[in-house]
There are 2 protein chains.
Amino acid sequence: MKYSVSEENYLKVIYHLQDQSGLVSTTSLAKALKTKPASVTEMTKKLKSKKLLHYQPYRGFRLTQEGNKAALGIIRRHRLWEYFLAEKLRFSWEEVHELAEELEHVRHKKLIDRLDAFLGFPRLDPHGDPIPDKDGQLATADVICLTELPENTSALISRVTNQSFSLLEMLRQRNMKIGTPIEILKRNAFDESLDVRINRQRSINLSKTIAEQIFVVVT
Amino acid sequence: MKYSVSEENYLKVIYHLQDQSGLVSTTSLAKALKTKPASVTEMTKKLKSKKLLHYQPYRGFRLTQEGNKAALGIIRRHRLWEYFLAEKLRFSWEEVHELAEELEHVRHKKLIDRLDAFLGFPRLDPHGDPIPDKDGQLATADVICLTELPENTSALISRVTNQSFSLLEMLRQRNMKIGTPIEILKRNAFDESLDVRINRQRSINLSKTIAEQIFVVVT
DNA sequence: ATAAAATTTTAGGCAAATCTAAAAATCAAA
DNA sequence: TTTGATTTTTAGATTTGCCTAAAATTTTAT
């Protein structure tokens with residue numbers, strides 16, 4: 001029931017990679033964890049023996065139900081701390097991720113549940129990512145990727161799925177945050193970039209790479 | 001400047017033991033850290049090489065200025081988190097110590113300074129222990145040990161220097177907390193226990209062992 | 001279909017922090 | 001002041017998580 005910091009990091013990263021692409025490879029995990037493939041092979045062996053992941057040699061990994069539950073617990077802690085850091089300690093959204101990476105490993109059920117209550121049971125973290133509840137339930141919203149939004153349709157930015165400091169800083173400089181109105185004016189075929197209107201005023205251009213990280217709800 | 005969790009624990013414990021008895025022995029450190037003397041010898045060797053402690057083989061340890069500064073930083077984090085846990089998350093004073101033991105090792109200067117500001121720059125933690133400020137300064141109050149308080153002199157409980165769960169729970173059950181009025185009615189020569197009046201009403205008996213852990217300010 | 005390229009695993013090591021058992025140094029008491 | 005008890009240190013292992021280099025396997029491209 002209690003896992004080491006290292007094991008927790010593996011579980012969390014596998015959970016995130018899994019979201020995007022069913023099976024997770026040794027190399028992608030190594031890259032995400034900034035470690036070497038050989039180390040991944042060892043640790044995943046251990047996690048398999050603890051029944052936290054399904055693992056076929058030379059094929060890939062997938063979390064078991066048990067592993068999924070553990071990962072959601074870690075993500076709950078991470079996102080609650082992010083919310084605390086942003087709302088109470090006034091950190092910017094590009095700063096909170098790194099700090100929460102450490103706080104998330106303090107794992108006392110009661111502490112986290114009290115923190116949750118203190119914060120008023122928030123459902124979304126500062127990046128718009130859903131916070132699992134006590135029982136690991138995720139609130140799912142009907143968001144679509146900005147790249148899927150039809151032209152001339154009003155929407156609100158609701159989630160940014162990449163925690164990179166430089167992306168978040170860039171968005172903040174452009175006044176784009178969770179809840180900001182956004183609308184696509186034109187799709188540029190050449191580089192697949194988008195001309196968008198922000199806050200019903202400024203019109204700017206977003207590269208495909210950035211647009212892929214932004215999720216919106218149609219209003 | 002950045003120390004491992006283990007090194008930090010050594011520094012913190014040495015700081016506390018030093019307070020009571022100038023030089024710290026290998027055995028006492030081992031006991032306090034729940035480890036073996038052999039392990040202490042190794043780690044203290046390392047801390048000495050980092051110039052964090054003065055250390056004479058077979059004699060004992062004492063923190064250097066550098067080591068003292070590091071210890072105060074750790075204690076600052078610990079006590080600020082304790083204050084947070086008690087004031088904001090409503091944990092009882094016997095619960096906060098253990099939780100803060102983990103939170104204290106998240107060491108980002110900015111995080112701690114923001115937390116300090118969020119809490120309103122508290123000067124005392126829930127046990128009445130002073131919280132070092134940004135620069136490691138400790139507010140010193142003119143407290144005396146309850147055992148030194150003259151008879152029939154009004155005082156306020158201002159500090160409890162032992163974090164043991166059972167002591168704190170015991171005090172809470174007797175309605176003794178920081179700020180509670182207290183007065184010695186009688187010293188019992190036989191077992192050195194004290195008859196004291198709490199809150200200007202209830203009169204109870206305190207063993208010498210307990211009285212030694214309680215500090216008061218005369219009013 | 002097979003050779004080259006890429007991925008994954010194994011083998012053997014390393015560093016940190018711990019342990020036990022035994023040796024060395026110090027202290028204490030007759 | 002010498003001997004026995006206590007404390008401290010050394011020596012050698014263990015565990016965790018990582019590493020590099022080399023071997024095994026799978027994939028890809030001709």
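Residue numbering restarts at 1 for every chain, and letters A, B, ... go by the order of the sequence lines. Remember, predicted model here, so these are calculated numbers, not experimental data.
Note: NZ (Lys50(B)) to C1' (dA16(C)) measures 11 Å, nearest angstrom. Between the C1' atom of dT16(D) and the OH atom of Tyr10(A) lies a distance of 12 Å, rounded to the nearest Å. What separates CG of Asn9(A) from C1' of dT16(D) is a distance of 15 Å, to the nearest Å. As a whole-Å value, the separation of Lys36(B) NZ from dT18(C) C1' is 10 Å. Atom P of nucleotide dA6(C) and atom NZ of Lys31(A) are separated by 12 Å, given to the nearest angstrom. Between the C1' atom of dC18(D) and the CD atom of Glu7(A) lies a distance of 14 Å, rounded to the nearest Å. As a whole-Å value, the separation of Leu33(B) CG from dC19(C) P is 10 Å. Across the protein-nucleic acid pair, Leu23(A) atom CG and dT7(C) atom P stand 16 Å apart, rounded to whole Å.
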Let me have the donor-acceptor pairs involving side chains of residues 132-139 of chain A, under 3.5 Å, with sequence neighbours excluded, atom names and distances please.
| unit_1 | atom_1 | unit_2 | atom_2 | d |
| --- | --- | --- | --- | --- |
| Asp133(A) | OD1 | Asp135(A) | N | 2.8 |
| Asp133(A) | OD1 | Gly136(A) | N | 3.1 |
| Asp133(A) | OD1 | Gln137(A) | N | 3.0 |

Throw together a table of side-chain donor-acceptor distances under 3.5 angstrom for residues 205-216 of chain A, partners on residues two or more places apart or in other chains.
| unit_1 | atom_1 | unit_2 | atom_2 | d |
| --- | --- | --- | --- | --- |
| Asn205(A) | ND2 | Ser193(A) | OG | 3.1 |
| Asn205(A) | ND2 | Asp195(A) | OD1 | 2.9 |
| Ser207(A) | OG | Ile210(A) | N | 3.3 |
| Gln213(A) | NE2 | Thr161(A) | OG1 | 3.3 |

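Applying the side chain to side chain contact (heavy atoms under 4.5 Å, CB included) criterion to Val5(A), with sequence neighbours excluded, gives Asn9(A), His105(A), Arg107(A). Checked against side chain to side chain contact (heavy atoms under 4.5 Å, CB included), Leu119(B) has the following partners two or more places apart in sequence or in another chain: Leu80(B), Tyr83(B), Phe84(B), Lys88(B), Leu115(B), Pro122(B). When the ring-ring contact (aromatic ring centres under 6.0 Å, His included) test is applied to His97(A), the partners found at least two apart in sequence or on another chain are His78(A).
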Using nucleotides 9-13 of chain C, report all nitrogen or oxygen pairs with the protein that are shorter than 3.5 Å.
| unit_1 | atom_1 | unit_2 | atom_2 | d |
| --- | --- | --- | --- | --- |
| dT9(C) | OP1 | Tyr55(A) | OH | 3.0 |
| dT9(C) | OP1 | Tyr58(A) | N | 2.9 |
| dT9(C) | OP2 | Thr26(A) | OG1 | 3.2 |
| dT9(C) | OP2 | Thr41(A) | OG1 | 3.1 |
| dT10(C) | OP2 | Lys45(A) | NZ | 3.1 |

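For the pair Tyr3(B) and dA16(C), the criterion of a side-chain N or O lying under 4.0 Å from OP1 or OP2 is not met. Between Ser6(A) and dC18(D), a side-chain N or O to OP1/OP2 separation shorter than 4.0 Å is present. Taking only side-chain nitrogens and oxygens, Ser4(B) never comes nearer than 4.0 Å to OP1 or OP2 of dA16(C). Proximity of Thr35(A) to the phosphate of dC19(D): a side-chain N or O atom is located under 4.0 Å from OP1 or OP2.
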Q: Kindly determine whether Ile144(A) and Val217(A) satisfy side chain to side chain contact (heavy atoms under 4.5 Å, CB included), including the steps that lead there.
A: CA-CA 6 Å; Ile144(A) 57 172; Val217(A) 273; over 6 Å; no

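Here Ser39(A) lies in heavy-atom contact (under 4.0 Å) with a base.
Remark: Arg114(B) qualifies as a cation-pi partner of Phe91(A) under the 6.0 Å distance and 45° angle criteria applied to the six-membered ring.
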